[in-house]
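What follows is a set of notes on a single structure, which appears directly below.
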Protein chains: 2
Amino acid sequence: MRPDTDTDDRRRYNDACAAAHALDLVGERWALLVMRELMTGPKRFSDLRANLPGISANILTRRLHGLEGIGVVERRELPPPAASKVYALTAWGYQAEPILRELGRWAARSPWHDPTMPFSSASLLLSLRTMFDAGRAAATGVDARVGFAVGHDRFLARISGAGIDVDHGDLDLADVVLTGAPEAVVGLLYGGVPLADLEASGALSVDGDRALAAALPGLFPLPPKAEVASD
Amino acid sequence: MRPDTDTDDRRRYNDACAAAHALDLVGERWALLVMRELMTGPKRFSDLRANLPGISANILTRRLHGLEGIGVVERRELPPPAASKVYALTAWGYQAEPILRELGRWAARSPWHDPTMPFSSASLLLSLRTMFDAGRAAATGVDARVGFAVGHDRFLARISGAGIDVDHGDLDLADVVLTGAPEAVVGLLYGGVPLADLEASGALSVDGDRALAAALPGLFPLPPKAEVASD
DNA sequence: CTGTATCCGTGTTGATACTG
DNA sequence: CAGTATCAACACGGATACAG
């Protein structure tokens, strides 16, 4: 299926600029957020729906079909025992990650960004890759593995002065494991919430090197807020 | 004006993910393309309209007001002789450039990207910054200034193995100046059209170091096209 | 349980015409 | 040149019903 099969020509930008073409492809409402959810690996329809608050089933169906039609998403049938279908990004789909990172980096400066809303584990993983500051890790000499057990996902971040590498991985290899909702991890890393408070309330549990966990907030600095005249 | 003053809550994603918030702010149709046009400096209403093929006046008005309301665009009155109004990006607005670059880099891989459509000089400038390959410039030892006189804009690109720096500048400093429509420059740099053909047809004129002009296409390689199953 | 199809109310979009 | 007013078309989201 070609994109113009189901998209009216008036809906397209008719602009040779590749950025405009990108918006022809994935500029519809929800499209990039569906891709965001798939950045952490294949997901089922209901997983997607659960992590995209407010999307309706028919819109999710349309987006998945649309993205499949342009070669960004593919549908996979799992082998017999699972007997389920999942949606996955194609290689090209995964290459859209820098778009999400730059969108996030830019909007983190927004005076109206409200970090208290629902936050998926896919968003958390992407935010780690986006906000990690290798210079600070080098300055503090950190070289460690941090495990995250958030929602149904578990991933492992290897952090050092050379950079960050986050992926699904064996949490037994981690120096410290944080267990809790993505929102709790966000509170720790970006919200300035003391680790002790999160543990006291039961929002987050820490297993392993506590000093390492306490040092994490300094490694993911948020950019300064933009100054907006009228407010 | 706050964003939720004129945007229904149902229209927003209600997601703490900063990328989702970015789409709340600039995810509406045309918004990012308006910002693209302003990336090369302040523009008048009619300039914007001319370089955004198909946008209607009322939509442009709404987007400009919306972007002004969130602090991405500001309206400036030019001093008396000019007696005109222009729209300009704020500092925060200019920081959105990486979003446009990554959108463009990604969509350049699309099998359906049609480079024969209208192309603004702002798009050309951004594409130079996006596609420049410093490694190739280093390998060929290029270290030069290339002037572009496209449409009403003139800008100067300093290119070397250290990177590219494109901005408005004095074309007298250039080693070579290319004059023509943005589409002709695109044909040369990305379309594989021989320089001689473009000159013969009058689409492009070259003033200065012709060997340098002929070497340019190799410095802005496009990424390989994505492989899409069904087509 | 995992989607898919259809209807319908609502709001955004876009074309045309028009005004300062 | 720089927008505003009006109106039709369509995309979106919700609900419901249905299919594997």
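Quick note on labels: first sequence line is chain A, next is B, and so on, each numbered from 1.
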Nearest-Å distance for atom pair [atom1]/[atom2], residues [X] and [N]:
X	N	atom1	atom2	result
B/Arg12	C/dG11	CZ	P	17 Å
B/Ile55	C/dT16	CD1	C1'	16 Å
A/Arg62	D/dA11	CZ	P	8 Å
A/Arg29	C/dT10	CZ	C1'	13 Å
B/Ile59	D/dA8	CD1	C1'	14 Å
A/Leu52	C/dG3	CG	P	14 Å
B/Asp24	D/dC12	CG	P	15 Å
A/Lys85	C/dT4	NZ	C1'	12 Å

Cationic N near anionic O, under 4.0 Å, B/Glu97 to B/Arg129: yes

Note: A/Arg12-B/Asp114 ion pair, threshold 4.0 Å (strictly below): no

Quick check for you: among [options], whose closest atom lies nearest to any side-chain atom of [X]?
X	options	answer
A/Trp30	C/dG14, C/dT13, D/dG13	D/dG13
B/Arg11	C/dT13, D/dG3, D/dC12	D/dC12
B/His65	D/dG13, C/dT13, D/dT4	D/dT4
B/Glu28	C/dT13, C/dG14, C/dG3	C/dT13
A/Arg63	C/dT4, D/dC12, C/dG14	D/dC12

Could you label the plane-to-plane angle of the A/Phe155 and A/Phe148 rings as parallel, tilted or perpendicular, counting under 30° as parallel and over 60° as perpendicular? tilted

Once the angle between the rings of B/Trp30 and A/Tyr13 is folded into 0 to 90°, is it parallel (under 30°), tilted (30 to 60°) or perpendicular (over 60°)? perpendicular

Does B/Tyr13 make a side-chain N or O approach to OP1 or OP2 of D/dG13 shorter than 4.0 Å? no

On the nucleotide C/dG3, are OP1 or OP2 found under 4.0 Å from the side-chain N or O atoms that A/Thr61 carries? no

Restricting to non-hydrogen atoms, name the atom on B/Leu156 and the atom on B/Asp170 that form the minimum distance, rounded to 0.1 Å. CD2-O, 3.7 Å

N/O donor-acceptor pair, side chain B/Asn58 with base D/dG3, under 3.5 angstrom: no

State, without any angle test, whether A/Ser120 and A/Asn51 hold a side-chain donor-acceptor pair at a distance under 3.5 Å. no

Specify the residues of residues 40-50 of chain A, ordered by number, for which at least one heavy atom lies under 4.0 angstrom from an atom of DNA chain D. none

Any B/Arg63 side-chain heavy atom under 4.5 Å of B/Met35 side chain: no

